[in-house]
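Whatever order the structure lists ligands and atoms in, that order sets their numbers, starting from 1.
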Amino acid sequence: MKTMTCIEDLRQTARRRVPRSFFEYAESGSYAEQTLQANRADLEAIKLRQRILVDVSARSLQTKILGEPVSLPLALAPIGMCGMQHGDGEILACRAAHAAGIPFTLSTMSICAIEDVAGAVDKPFWFQLYVMKDRGFVRSLIERAAAAKCSALVLTVDLQILGQRHRDIKNGLSVPPELRIGNILDIATKPAWALSIARGKRKTFGNLAGYVAGKKDVKYLARWTAEQFDPTMNWKDVEWIASLWPGKLILKGILDVEDARIAAKTGAAALVVSNHGGRQLDGAPSSISVLPRIADAVGSSIEVLFDGGIRSGQDIMRAVALGARACLSGRAFVYGLGAGGQAGVARAIEIMRNELSVTMALTGVTSIDKIDRNVIAAS
Ligand SMILES: Cc1cc2nc3c(=O)[nH]c(=O)nc-3n(C[C@H](O)[C@H](O)[C@H](O)COP(=O)(O)O)c2cc1C
């Protein structure tokens, strides 16, 4: 892993190790992928101020998210089907996050179930919830997350209906992979991946398998899920979920100032400025372009987290400077997982940590609370 010097190295390795349908599932955005590309382009366009002759020998990356200490302003974002990038992917990523001193978020659409992860790690993790039409299922997921002592519930509010990702359709994405000739040939060239999946606890959506009783057929599960996303979901459902969840609530998928103001009044502990990594509304602005206005609008009434395009410590610096308390990493850690399991995720976090530390030094700041808009170069 030492020769993996940047997230792009992990991405290239993951591309070689993971079957095409799952690698492209991670890469893709919706439709023309304009928002996906804007997330990266707009981050890269933000230039940092080089400052000199400041004593930066003692630097600390520590901060707090939701009042809990973290070793850097980063958490792992919820990612569906991590367990198809590498067998037991969710457990491995959670272990790497915890070892690095940052939170891990388990997706509703994970391969390992809530209980699998809870039984395999020794610290609480966050659980991400999708609101399904079957509210009995939603209630049961909340109860299972509470029983597993999850330390926050991340309610995703930007996926009431699924944005189309062309490559998933073209690749015939399914879990486990459909055994058509192209897939078989592809998997035959990915033996390490196949072995890790064969050894993994589960081969399908762990959180659903028990609930959708008697319907173990994978195609049925996939169809059930696609039909279950609920277009009626509205702010009243947020109230209902908040009334069921005893702990901290995070609203993920806010991209508009008006929505951010409403979110701040719900009693949620945090919101995540996010466009779902460019996988939902294509044509939406990049996350980073709306972050400053949202941060200004909500002030200190709610914690502001950020995701979309984070691939380096420099990117974390940019987002924190523009008002985020911390960032969520999506694809960057997924590449690590595909490239090398737990060690790969650990390496992804380490790369971004080291980059942030050096970036702080070269911009003349020594602690996270000193990162503000002053570190951004005038354009
Ligand atoms: C492969 C993939 C699967 C995802 N699955 C989920 C999910 O199950 N739940 C969710 O709230 N967000 C999901 N997201 C969105 C991420 O949580 C996050 O918002 C996004 O990846 C951030 O952008 P980045 O990948 O550029 O860091 C997914 C993103 C990717 C790339």
Peer 1: Please list the nearest protein heavy atom to atom 19 (O) of ligand 1 with its residue and the distance rounded to 0.1 Å.
Peer 2: Asp307 OD2, 2.7 Å
Peer 1: Side chains of Arg59 and Ser367: any donor to acceptor distance under 3.5 Å?
Peer 2: no
Peer 1: Between Asp158 and Gln280, is any side-chain donor less than 3.5 angstrom from a side-chain acceptor?
Peer 2: no
Peer 1: Passes salt bridge (charged side-chain N to carboxylate O under 4.0 Å, His left out), Arg40 versus Asp315? Steps please.
Peer 2: CA-CA 9 Å; Arg40 286 292 312 134; Asp315 292 337; 2.9 Å; yes
Peer 1: When only distance counts, is Arg311 in polar contact with ligand 1, meaning an N/O pair under 3.5 Å?
Peer 2: yes
Peer 1: Just which atoms of ligand 1 are under 4.0 Å from any heavy atom in Ser274?
Peer 2: 19 (O)
Peer 1: Which residue and non-hydrogen atom of the protein lie closest to atom 21 (O) of ligand 1, and at what distance in Å?
Peer 2: Gly330 CA, 3.7 Å
Peer 1: Between Met109, Glu24, His276, which one has a non-hydrogen atom sitting closest to atom 15 (C) of ligand 1?
Peer 2: His276
Peer 1: What protein heavy atom sits nearest atom 11 (O) of ligand 1, and how far off is it?
Peer 2: Thr156 OG1, 2.7 Å
Peer 1: Hey, is Asn39 one of the residues with a heavy atom under 4.0 angstrom from ligand 1?
Peer 2: no
Peer 1: Indicate whether the side chain of Ser286 and that of Asn39 have a donor and an acceptor atom separated by less than 3.5 Å.
Peer 2: no
Peer 1: Check whether NZ of the Lys or CZ of the Arg Arg311 lies under 6.0 Å from the centre of the six-membered ring of Tyr335 and within 45 degrees of that ring's axis.
Peer 2: no
Peer 1: Any ring-ring contact (aromatic ring centres under 6.0 Å, His included) involving residues 281-318? Give me the pairs, sequence neighbours left out, ordered by first then second residue.
Peer 2: none
Peer 1: Just need the protein heavy atom nearest to atom 17 (O) of ligand 1, so name the residue and atom and give the distance.
Peer 2: Pro78 O, 2.7 Å
Peer 1: Would you mind checking which non-hydrogen protein atom is closest to atom 9 (N) of ligand 1, with the distance to 0.1 Å?
Peer 2: Tyr130 OH, 2.9 Å
Peer 1: Report, in ascending order of atom number, the atoms of ligand 1 lying under 4.0 Å from any heavy atom of Ala26.
Peer 2: 1 (C), 31 (C)
Peer 1: What are the atoms of ligand 1, with element, lying closer than 4.0 Å to any heavy atom of Lys252?
Peer 2: 10 (C), 11 (O), 12 (N), 15 (C), 16 (C), 17 (O), 18 (C), 19 (O)
Peer 1: Which residue and atom name correspond to the protein heavy atom nearest atom 5 (N) of ligand 1, and how close is it?
Peer 2: Gly80 N, 2.9 Å
Peer 1: Can you list the residues that meet the ring-ring contact (aromatic ring centres under 6.0 Å, His included) rule with Tyr130, with sequence neighbours excluded?
Peer 2: Phe229
Peer 1: Any idea which protein heavy atom is nearest atom 8 (O) of ligand 1, and the distance to it?
Peer 2: Ser107 OG, 2.7 Å
Peer 1: Between Gln128 (side chain only) and Val154 (backbone N and O only), is there a donor and an acceptor less than 3.5 Å apart?
Peer 2: no
Peer 1: Return the residue, atom name and 0.1 Å-rounded distance of the protein heavy atom closest to atom 26 (O) of ligand 1.
Peer 2: Gly309 N, 2.8 Å
Peer 1: Quick one: does Thr363's side chain have a donor or acceptor within less than 3.5 Å of a partner on Gln50's backbone?
Peer 2: no
Peer 1: Looking only at heavy atoms, is any part of Met81 under 4.0 Å from ligand 1, and if so is it the side chain, the backbone, or both, or is it neither?
Peer 2: neither
Peer 1: Heavy atoms only, cut-off 4.0 Å: how does Arg331 contact ligand 1, side chain, backbone, both, or neither?
Peer 2: both
Peer 1: Rounded to the nearest 0.5 Å, what separation is found between the CG atom of Leu72 and the CD1 atom of Ile368?
Peer 2: 7.5 Å
